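Here is the structure we will look at.
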Amino acid sequence: MRKFTRKEEEAEVNMTPMLDIVFIMLIFFIVTASFVKETGLDANKPPNNNQPPDDPDKKNCLIRIDSNNNIFFGVRRIDVSSIRPNIEQCRAKNPEATVVIQPEADTHTGYIVRAYDEARKVSRDIPVSLADPA
């Protein structure tokens with residue numbers, strides 16, 4: 001018995017002409033492309049001055065009450081009875097300062113009211129604001 005073995009021809013695609021066409025098209029598009037310089041927005045920068053920015057601590061007299069009912073004036077821990085002298089000192093430095101009382105969410109209400117009352121004892125004309133609990 002004879003076996004006929006036929007070698008199958010493998011189909012091959014010659015990629016050289018396709019690469020030639022791709023390179024020709026690439027060169028064509030590069031040569032014919034027009035490069036447009038796009039203009040951006042002109043930024044209006046403020047004039048450069050050598051003065052430091054305003055310190056936000058100097059504008060307000062900040063009284064912060066944490067969740068353990070500790071009272072802080074700026075970064076110093078103080079007692080309720082020393083709120084009034086600290087506000088007077090802050091207002092002496094900046095007469096336009098506003099007193100801001102900033103309690104945390106679980107601060108006892110009595111401490112907030114006492115801090116508010118001490119701030120109002122300095123003067124009725126001082127604006128006192130109560131910030132939302134953090």
Side-chain angles (χ1 to χ4, degrees):
M1 191 175 208
R2 235 185 205 184
K3 286 189 179 176
F4 289 100
T5 59
R6 194 159 113 183
K7 236 182 186 182
E8 292 184 22
E9 294 182 19
E10 292 183 21
E12 244 180 71
V13 177
N14 191 0
M15 298 295 288
T16 306
M18 189 174 80
L19 286 174
D20 288 341
I21 291 172
V22 168
F23 283 126
I24 290 171
M25 289 175 59
L26 180 67
I27 292 169
F28 173 77
F29 287 126
I30 289 174
V31 170
T32 59
S34 61
F35 296 101
V36 178
K37 182 180 178 186
E38 294 187 24
T39 57
L41 296 176
D42 292 330
N44 294 330
K45 294 181 182 177
N48 188 10
N49 58 1
N50 294 329
Q51 297 175 352
D54 293 337
D55 188 11
D57 293 336
K58 291 184 179 177
K59 293 191 178 206
N60 294 326
C61 302
L62 178 64
I63 300 170
R64 189 173 54 85
I65 307 172
D66 68 2
S67 58
N68 296 327
N69 299 319
N70 295 319
I71 300 171
F72 296 91
F73 191 85
V75 293
R76 291 176 305 148
R77 184 174 178 217
I78 61 171
D79 189 39
V80 175
S81 60
S82 62
I83 290 176
R84 184 176 177 182
N86 279 294
I87 292 175
E88 289 172 349
Q89 182 181 14
C90 177
R91 293 281 293 184
K93 290 178 185 175
N94 185 7
E96 298 170 1
T98 301
V99 177
V100 178
I101 302 172
Q102 182 181 19
E104 287 189 5
D106 49 351
T107 302
H108 190 271
T109 309
Y111 283 91
I112 300 169
V113 172
R114 286 180 65 193
Y116 185 83
D117 289 343
E118 288 294 318
R120 294 308 259 168
K121 284 181 186 178
V122 176
S123 173
R124 293 281 178 200
D125 298 332
I126 297 176
V128 178
S129 64
L130 185 63
D132 288 331

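Source: prediction; values computed, not measured. Scope of the values below: all heavy atoms of this structure, side chains included, with no hydrogens, waters or symmetry mates.
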- Minimum heavy-atom distance Val99-Ala119, with the two atoms named: CG1-CB, 4.0 Å
- Task: Working to the nearest 0.5 Å, report the span between CD of Glu104 and OH of Tyr111.
- Result: 14.0 Å
- Pair Arg76-Asn86, side-chain donor/acceptor within less than 3.5 Å: yes
- Message: Other residues, nucleotides and ligands only: do more than 12 of their heavy atoms fall within 6.0 Å of CZ on Arg91?
- Response: yes
- Query: If you take all heavy atoms of Asp106 and Ser67, which pair is closest and at what distance?
  - Reply: OD1-CB, 3.0 Å
- Heavy atoms, side chains only, cut-off 4.5 Å: are Phe73 and Ser82 in contact? no
- Item | The single option from Ile30, Val31, Ile24 passing side-chain contact (heavy atoms from CB on, under 4.5 Å) against Ile27 | Val31
- What's the spacing between Ile65 CD1 and Ile101 CD1 if we round to 0.5 Å? 6.5 Å
- Mark yes or no for whether Asn68, through its side chain, and Asn70, through its backbone, hold a donor-acceptor pair below 3.5 Å. no
- Message: Count I, L, V, M, F, W, Y as connected when their side-chain heavy atoms are under 4.5 Å apart, and connections chain through other members. Are Phe28 and Ile21 then in the same cluster?
- Response: yes
- Message: Any side-chain to backbone donor/acceptor pair from Thr107 onto Pro103? Under 3.5 Å, distance only.
- Response: no
- Got a sec: does the CZ of Arg120 have more than 12 other heavy atoms crowding it under 6.0 Å? yes
- Message: Taking Arg64's backbone N and O only, do any of them form a donor-acceptor pair with Gln102's side chain (distance below 3.5 Å, no angle check)?
- Response: no
- Message: If we ignore hydrogens and angles and just use 3.5 Å, is the side chain of Asn69 paired with the main-chain N or O of His108 as donor and acceptor?
- Response: yes
- Task: List the steps and the verdict of salt bridge (Lys or Arg N to Asp or Glu O under 4.0 Å) for Glu118 and Arg114.
- Result: CA-CA 6 Å; Glu118 288 294 318; Arg114 286 180 65 193; over 6 Å; no
- Query: Is any side-chain heavy atom of Ile63 less than 4.5 Å from a side-chain heavy atom of Ile71?
  - Reply: yes
- Task: List the steps, then state whether side chain to side chain contact (heavy atoms under 4.5 Å, CB included) holds for Phe72 with Leu62.
- Result: CA-CA 8 Å; Phe72 296 91; Leu62 178 64; over 6 Å; no
